[in-house]
Each structure stands twice: as structure tokens, then as C-alpha cells.
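It should be emphasised that the depicted structure is a prediction, and the values quoted were computed from it without experimental measurement. Residue numbers start from 1 in every chain, and the chains themselves are labelled A, B, ... in the order their sequence lines are given, proteins ahead of strands.
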2 protein chains.
Amino acid sequence: MRGPVPTLRDVAERAGVSPTTVSRVINASGFVSREARAAIRQAIDELGYVPSASARGLASRHTAMVGLCLPVVDADTDLADRSDRRPPPRVPGLPGAETVPVVVDTDPEAIISWGGMYFGEVVRGAEFAAWEAGLAITVAMTRAPDLEARVLNMAGRVDGMVVVSGTLPDDLLEHVARRVPVVILTGLGPESAHDRVTVRNAEGVERLVEHLLTDHGITSLEYVAAPEGTPDDEERFRGFCRALTRAGIEAPAAPRLRGDWERGRGREIARGLVDGLGRGGTLPGALVCCNDNTALGLLDVFAAHGVRVPEDVVVTGFDGVEAARTSAPPLTTVEQPMAELGRAAVEVLTARIAAPARRAATTSLPVTVVLRGSCGAHPPVGVDGRAGEDPA
Amino acid sequence: MRGPVPTLRDVAERAGVSPTTVSRVINASGFVSREARAAIRQAIDELGYVPSASARGLASRHTAMVGLCLPVVDADTDLADRSDRRPPPRVPGLPGAETVPVVVDTDPEAIISWGGMYFGEVVRGAEFAAWEAGLAITVAMTRAPDLEARVLNMAGRVDGMVVVSGTLPDDLLEHVARRVPVVILTGLGPESAHDRVTVRNAEGVERLVEHLLTDHGITSLEYVAAPEGTPDDEERFRGFCRALTRAGIEAPAAPRLRGDWERGRGREIARGLVDGLGRGGTLPGALVCCNDNTALGLLDVFAAHGVRVPEDVVVTGFDGVEAARTSAPPLTTVEQPMAELGRAAVEVLTARIAAPARRAATTSLPVTVVLRGSCGAHPPVGVDGRAGEDPA
DNA sequence: TTGTAAGCGTTATCAG
DNA sequence: CTGATAACGCTTACAA
């Protein structure tokens, strides 16, 4: 039901021309007579011919495809787990309605998959840029088994790769980079031979803290960091310090609170603070977190223990994940332009592919400070957040 | 800075073996002595060798990659638009914090990108299944210009494709299918030569309506359909009718209300109903919509005109998009397992690739009726939806 | 366990 | 405008 697939040669024979001419019309290169073109077009349709990308790639030495290496995110684990307990759910055929479960609501804290939409957006932006450049895109989450084999496999089928910072061991990254150009997505780290696309981490936090200082009159702030050695986090902390220093407040030499980007660890930190409270400790005026997840974790525990946000303590995040919009209270944060990150990364990559010799550069995308309830009231905000809407 | 890339032959020479042997270790096929293997491994590292997927594909006649054709969704337009007004935002280098805009909240109705997360989830599931099968995955949104060229291009570089129903013209789809196996995602339509993966549309709505009938005692229901000729919608309507008929209520021959899957059209429909109300018309007990977007549109307008949901009219959706969880009131809906759809589609595809001759089949995934505020109160639901959570 | 040789389907380089 | 012809880098019988 799908015999030997027709080749360019078959098309040529059928159209009564040479393979070269067929190649010309496929690639819209060079001049071909009207008749030849018509005959070839017809032959292609009749034969159902589709050019082989492998053959093209081999002959032309480029694949017209870029790759995207994403980190595995939490929700992915669910997918893996599910494979064990899945026997019943999927059934061929069309059974009755009795098999449809009815549940009341869903876990309101259910993970919004794929990193709270984060990487889905990156993919979307990257796909868009690739499309604009006439390139195909391949995506992979860098999972544990066979990481090296899989990544090299991708490297072998693309003209360039976008790699999210920290997803690949250094040696693997360099191996890949010997073959194709690589663009690192976020994370400034030490100077590097590769192009980088990042966001204005420091400036974002600096501006946010400025707001807390100036508009809310908060004077005692604490930064909740990520694990040591994370470039993005370090930049954010730098922005935090800069704002303090500029306001004449002494900045700490290093973060005093450290999480791990995850909500669970954020909760633990909050529990520690609440405990401290019981032993006579005090809360700072504001807790500026390295990311939204951590901040949401704080919120969870504060709510459970009667610590009021923002009255007792202000909490802020970084990223702009969906969950931050609907938390209680909604989270003030620094929003990253995720889709733009994906898009910019691919644009930088295509530029690099076109000009391999130019020296590596870093592109910084702007961020936006988004004010919500977790840092206090702001006049323009409607009570239900629906101000300004006019659906009727 | 990236001279002629090393080939398998280079590795062979350096390791003092034949190309065949190198091929064997790369593919972990056949037997190779310890020494040979070690020498080859070392040569690979030193040379920074990466196998060419093009050459492999050409020689082996398969690419170890599957493709995914997604429809373009609303938010994508944003991306395209933005390219015009983008001059200022992106700046190389690291400017100061003054350049960071501060905004109060965001448009609460802002589109949650990529089809309300819908297709992001499909991609995630598909990527997972592909990974399990040792395949790479390439994704494309089927955009207007050059659709045919781009799709055939994809067809030429994969071993099989998953195509979301309705994204490709029939003739293009058939052209593609002559080359590689195709799996259609959702949409039952007329019998087809291709494998299909869909959800239990009819059963889901049937169960939902049963709930409205039985648990809420509603007796007058109206189905809000999608444009005519949409298989998924027709199935949902069938489920609607089946539930009514079983309850002894006469089912309409055809939907009396028709939207177009979009929120905007949902609003128009609601405006029509509200107008009718002014002219002495009445509202049905429940409006069962073909999808969440349409239902959310109804909600928008009802809220603006003082029509209370669920007191004056019950509204339900289908899909389970994120926005349905946070609408006012939260929307009762039939949830589709999006990630599972993507995963199942790729699994069916790999099975088909392995057994091209087997006849085409349809796989139906289970759905879940999720009860929320828009159809009335349900005992187990906490006021703030946080019941059962224990973050502390 | 290893090697030889013949392609795989295109593109690219030259000549017409 | 068109057509030979030689790669492109790897897999795969087949042979040793």
C-alpha cells in the first residue's frame, strides 16, 4: 500500500527531461521553460512525488532545520508515570457514556503543564521564527537515558541548535558546537564562545525593588535565591542589591535565603520563616524571590498560617507564569517575554548560520514589571481584575 | 572556526579500522572487539565526529523522525503582528533599569497562548511518545503562504506524520499520505484510509447532559454548535441528543444555535439571547456549548447584562482549557486529555510505521466531565476551590 | 569479528 | 534554457 517511492529520476523520465531540470523546478532555481515546468509539475502530481530531505541534505550539505533543546519539566514526569497505570483508559472503538468519569472541579493547584506554559511559549516563538526563515524545527527535551546519543543525533540533523542553558553537560555542548552553531538561551554565565539570548534579569529586579522602595515605602527586603552558581539568579540578585544600594540601604553580600526554583522548596522556606516568627523573629517588609514558583510556595504557607500578604509581608516573583495571575493574592512579578525568547534565539541562530565567522554576541530581551496584589494596592486595578473589559 | 566536518571515514582511518566497523559501533549493531570499539570511541571524541542524519537517512531509507502538523491558533497572529512594531524592544548589550516598563496587572482576558495551552500539551505528549520510541519530532503550524511546499517538505523528512484534522486540504493530505503514513488527530468524519485518534466526544457530552438532567433537574436544554460539517461538533451534538432522548425529552433535529468555536462568536450568540429576552423571549435551562471558548463568550455577555449563571441559565463547555478554571463562574466542561492525545497519536503512528499493511483504525481516548460553578453548586467543592489543600 | 563495494536520491559543476 | 557526471556520508549485503 505504498510501494517504492518515486524519485526525482522517475519524475524526470515521466516528464521527458533530465533530473537536473526537475531539481530546478523543485528549488525554483535557474530558468526552466514553461512546457518543461508544466510537464514536471504534472509528473510530480501523478506520481505523488515528494523530495527526500535526506538526499537533499546530503547533497547540499545543509538540512534547513534547526533544533531546540529544552529542559525536562516537572509535568513531564506525570507523563512517564502514567505509562504504568494506563491499561484501561484507552479503548479502540466507541463505547458508551458510562465510561466517562465525572469529577467535581480539579485540583486547583494542579500543575499547569510544561513549566507553567513557559516552554510551550518558547517553542511557539521558535517555530514562528523558523517558519519565517523557511526552516523546519525539531524539539527535544533532554531526558536522562541516552542524553548524549539523542543530542548528537539532533546535532547531526540540523544546521544549528538552540540550547536552554544548563540542559547539557559542558563537554556534550562543546561536542555539538564543533558541528553546528549553538545559541544558548538565558543564563549569562562566564564569557562564552557561543551566542546567547537572555533577558534583562538585573534591570527587571532592580526596577521592581525600586517600586517597593519608592511606592510602598518598604525598607527591609530579603532576596530568596536559587541554588548557587545559577547565572540568571545571580543577575537577579545583583539587580536587587543595586536598587538597595542606590536607595542608600545596605545590600547583603550574598542571599540569606536560598530555594531551588521549585514551589515545594518555597514552602519550606516560608515554614522556616513562620517558625522563626514563633520564636520571636520578625518578617522583612518584602521577600523578593528568584522566580514565581518559589514565591507561590511562600504564598501557600503564609496563607495557611495567617500571615497576610501584602499587609504583613510583600512577596514578589519572576517569570510571569500563568499561576501567578490567579494565586491568592495575585503575584507581583517580572514578566519574561517567553515567545520572544524562542523567536529571538532562532533569529540569532539563523544569523549565525549565515555568518559563521562573526564573533559571538549576547542579546538581552526586555522584561516587564507586572504589579499585582502581592505587593499592595494599586489604584488602576479593578477589584475583580475585570476593569476595562466590555464584552457587551 | 568549523572547517570541513569529520566523516565516518575520517573516524575509521584515525581508528585504523574500516568504515563498516565504525558504523557498527555507532549503531550498536553487530559485534565489535573491545579494542576496536575503544579506538573508535576515542577517534570520535578527538575528531568531534557527529553522524550525518542525512546520509544515514539516505542509506537506510528512514529518518527516525515524525512530524506534527498543528493548526495556527489565534495567539500566533500576535507574533506575526509584533514583527512590524518591534524596532525598539530588543537591544543587544545590557542597558539600565530605566528601560524596564512597569504595568499594573495585565489584561485579565489576555489570550493564554497557543490555543489556551491546548496544542502545547499535544506537542508535549507527542514529544514524549516519540522519545520513548527513539524518534525525533518536528513540528509545524500550517500557515498560509507556501502551505503545500512546507508540508511536503516535512513529508520528505519524516517516517510518518500526525496531522490535526482540518489543517490540510484533502488533496495535499493525500499527496503526503502516498509518501508516509499519516495519523489524523480528532475529528471523526467519513470513513478514511488513515488511522485516527480522537476523544469520546459523544459520550462526554452525553454524560454531561445526563448530569444536568438528573442532578440539576434541568429539562430545557439548548446546544450551541460549531459551523456545519465539523465532525467533532457533530458527535458532541449527537451525545447531546442521545441524553435527551434517553430522558424522554424530544431532541432537536439540528442545533438551533451555531457559533464558530471562538469566544467572540459566543458573545454574539449571548447578545442575541439577551435581546430576545427583552422582547419577551425566555432562556433555556442550560446552554451546552460545543467548546469552552464559545461558553466563555456567553459568560462574558451574561455577566455584563445581569443574567446570572447558573441561577438564570446553566452554561457548559468542552475542552478543559485553562481559562475555564478561572472564569466567573468557573466553567463546567468536558475535559480532553490533550497530552495523551499527542502521545497516542505518535504511538499509533509508530505502530503503523512498523506494520504498514494493517488496516486503519480509530482510537478513542476517554474524556472527563469536570463540574464547576457554571452548572450549579456541588457539595464537595470548597468556596475558594482550595478545599483539600494542605500546603503547610 | 572485520572489510569490500554498491548504492541511497539530490545537488552542483560544467559543458552545451 | 538543458543535460551529463561526479560527489555527498552512510548502510548493507556479501565476502573473508
Contacts under 3.5 Å, N or O only, protein and nucleotides 1-5 of chain C:
residue, atom, partner, partner atom, Å
C/dT1, O3', B/Ser33, N, 3.4
C/dT2, OP1, B/Ser33, OG, 2.6
C/dT2, OP2, B/Ser33, N, 2.8
C/dT2, O4, B/Arg24, NH2, 3.4
C/dG3, OP2, B/Ser18, N, 2.8
C/dG3, OP2, B/Ser18, OG, 3.0
C/dG3, OP2, B/Thr21, OG1, 2.8
C/dG3, O6, B/Arg24, NH2, 2.8
C/dT4, O4, B/Thr20, OG1, 2.5

Next on the checklist: Tell me if a side-chain donor or acceptor on A/Thr363 pairs with a main-chain N or O of A/Val197 at a distance below 3.5 Å.
Outcome noted: no
Next on the checklist: So A/Val176 and A/Leu152, do their side chains get closer than 4.5 Å, heavy atoms only?
Outcome noted: yes
Item to check | Interatomic distance, B/Leu58 CG vs D/dC10 P [rounded to whole Å] | outcome: 11 Å
Checklist outcome for this item: Quick note, A/Thr7 side chain, CB onward, closest among C/dT11, D/dG9, C/dT10 is C/dT10
Checklist outcome for this item: From CG of A/Asn27 across to C1' of C/dG9 the rounded distance in Å is 13 Å
Item to check | Stepwise side chain to side chain contact (heavy atoms under 4.5 Å, CB included) check, B/Trp131 with A/Arg150 | outcome: CA-CA 9 Å; B/Trp131 170 76; A/Arg150 290 165 185 281; 2.9 Å; yes
Checklist entry - Where the side chain of B/Ser165 meets the backbone of B/Ile184, is there a donor-acceptor pair that is under 3.5 Å apart? => result no
Next on the checklist: Would you say B/Arg56 places a side-chain N or O within less than 4.0 Å of OP1 or OP2 belonging to D/dT11?
Outcome noted: yes
Checklist entry - Side chains of A/Ile40 and A/Ile44: does their closest heavy-atom pair fall under 4.5 Å? => result yes
Checklist entry - Does any N or O in the side chain of A/Asp159 come within less than 3.5 Å of the main-chain N or O of A/Val66, such that one atom is a donor and the other an acceptor? => result no
Checklist entry - How about B/Val139 and B/Cys69: do any of their side-chain heavy atoms sit closer than 4.5 Å? => result no
Checklist outcome for this item: Rounded to whole Å, CD of B/Glu13 lies from P of D/dG9 at a distance of 13 Å
Checklist outcome for this item: Between CD1 of B/Ile44 and P of D/dC10 the distance, given in whole Å, is 10 Å
Next on the checklist: Whether the side chain of B/Thr142 engages the backbone of B/Leu70 through a donor-acceptor N/O pair (distance < 3.5 Å, no angle test) should be reported.
Outcome noted: yes
Checklist entry - If you look only at pairs with a residue in residues 30-41 of chain A, which of them pass as a side-chain hydrogen bond (donor to acceptor under 3.5 Å, both in side chains), with sequence neighbours excluded? => result none
Checklist outcome for this item: Double-helix bend of the helix from C/dT1-D/dA16 to C/dG16-D/dC1, axes at both ends from 5 pairs, round to 10°, gives 20°
Checklist entry - Nearest to the side chain of B/Arg61 - D/dC8, D/dT12, C/dC8? => result C/dC8
Checklist entry - Could you state the CD1-P distance from A/Ile26 to C/dT10, rounded to the nearest angstrom? => result 7 Å
Item to check | Nearest-Å distance for atom pair CZ/P, residues B/Arg9 and C/dA6 | outcome: 13 Å
Checklist entry - In whole angstrom, what separates A/Ile40's CD1 from C/dT10's P? => result 13 Å
